[in-house]
Amino acid sequence: MVKNTEILIEIGFNRLEADVYVHLLTHPPSTAYKIGKQINKPTANVYKAIESLAKKGAVIIEDNKNKLCKAVNPKIGRAHVWTPVTEYD
């Protein structure tokens, strides 16, 4: 059976983005700092992954003091923004 993170990597997420996104699906909204501590990854890298996920439409960052992050429903995200991009020569 393929893990959720492997599916996310197949559609264009990197390993850390996939780990962060799966974590957000299974936990309440969190700050990047808290996510980094919970998944045992460097906080600076988690911040970058969250910014990238937000650009891809997979994560919403609340515009408040704490900058809480929450995952976008995968059914919505997959249908609208996560289609892999193919480059042509």
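- For the atom pair CD1 of I61 and NZ of K70, the computed distance is 12.0 Å after rounding to the nearest 0.5 Å.
- We find the CD1-CG distance between I35 and N40 to be 14.0 Å, quoted to the nearest 0.5 Å.
- Listed by chain and residue number, Y21, A71, P74 satisfy the side chain to side chain contact (heavy atoms under 4.5 Å, CB included) test with L25 (two or more places apart in sequence, or in another chain).
- Atom-to-atom distance recorded for I7:CD1 and E10:CD is 7.0 Å, nearest 0.5 angstrom.
- There is no path of hydrophobic side-chain contacts, each under 4.5 Å, that joins I39 to Y47.
- Between atom OG1 of residue T31 and atom CD1 of residue I50 there is a gap of 8.0 Å, rounded to the nearest 0.5 Å.
- Judged by distance alone, the side chain of K56 and the main-chain N or O of G12 form a donor-acceptor pair under 3.5 Å.
- Between the side chains of Q38 and H27, no donor N or O sits under 3.5 Å from an acceptor N or O.
- Annotation for C69 and A32: closest pair SG-N, 4.5 Å, computed over non-hydrogen atoms.
- Taking all atoms of both residues into account, the shortest heavy-atom contact from N45 to L16 is O-CD2, 3.4 Å.
- To the nearest 0.5 Å, atoms CD (E62) and NZ (K67) are separated by 10.5 Å.
- In terms of hydrophobic clustering, with Ile, Leu, Val, Met, Phe, Trp and Tyr side chains grouped at heavy-atom distances under 4.5 Å, L24 and Y33 are assigned to different clusters.
- The two residues F13 and A58 come nearest to each other via the heavy atoms CZ-CB, 3.8 Å.
- A salt bridge is defined here as a Lys NZ or Arg NE, NH1 or NH2 lying under 4.0 Å from an Asp or Glu carboxylate O, and E6 with R15 meets this definition.
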- Please assess V59 against V72 for the test side-chain contact (heavy atoms from CB on, under 4.5 Å), listing each intermediate value before the final yes or no. CA-CA 5 Å; V59 168; V72 171; 5.7 Å; no
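- Summarising the geometry, atom OG belonging to S52 is positioned 6.5 Å from atom CG belonging to N14; distances are rounded to the nearest 0.5 Å.
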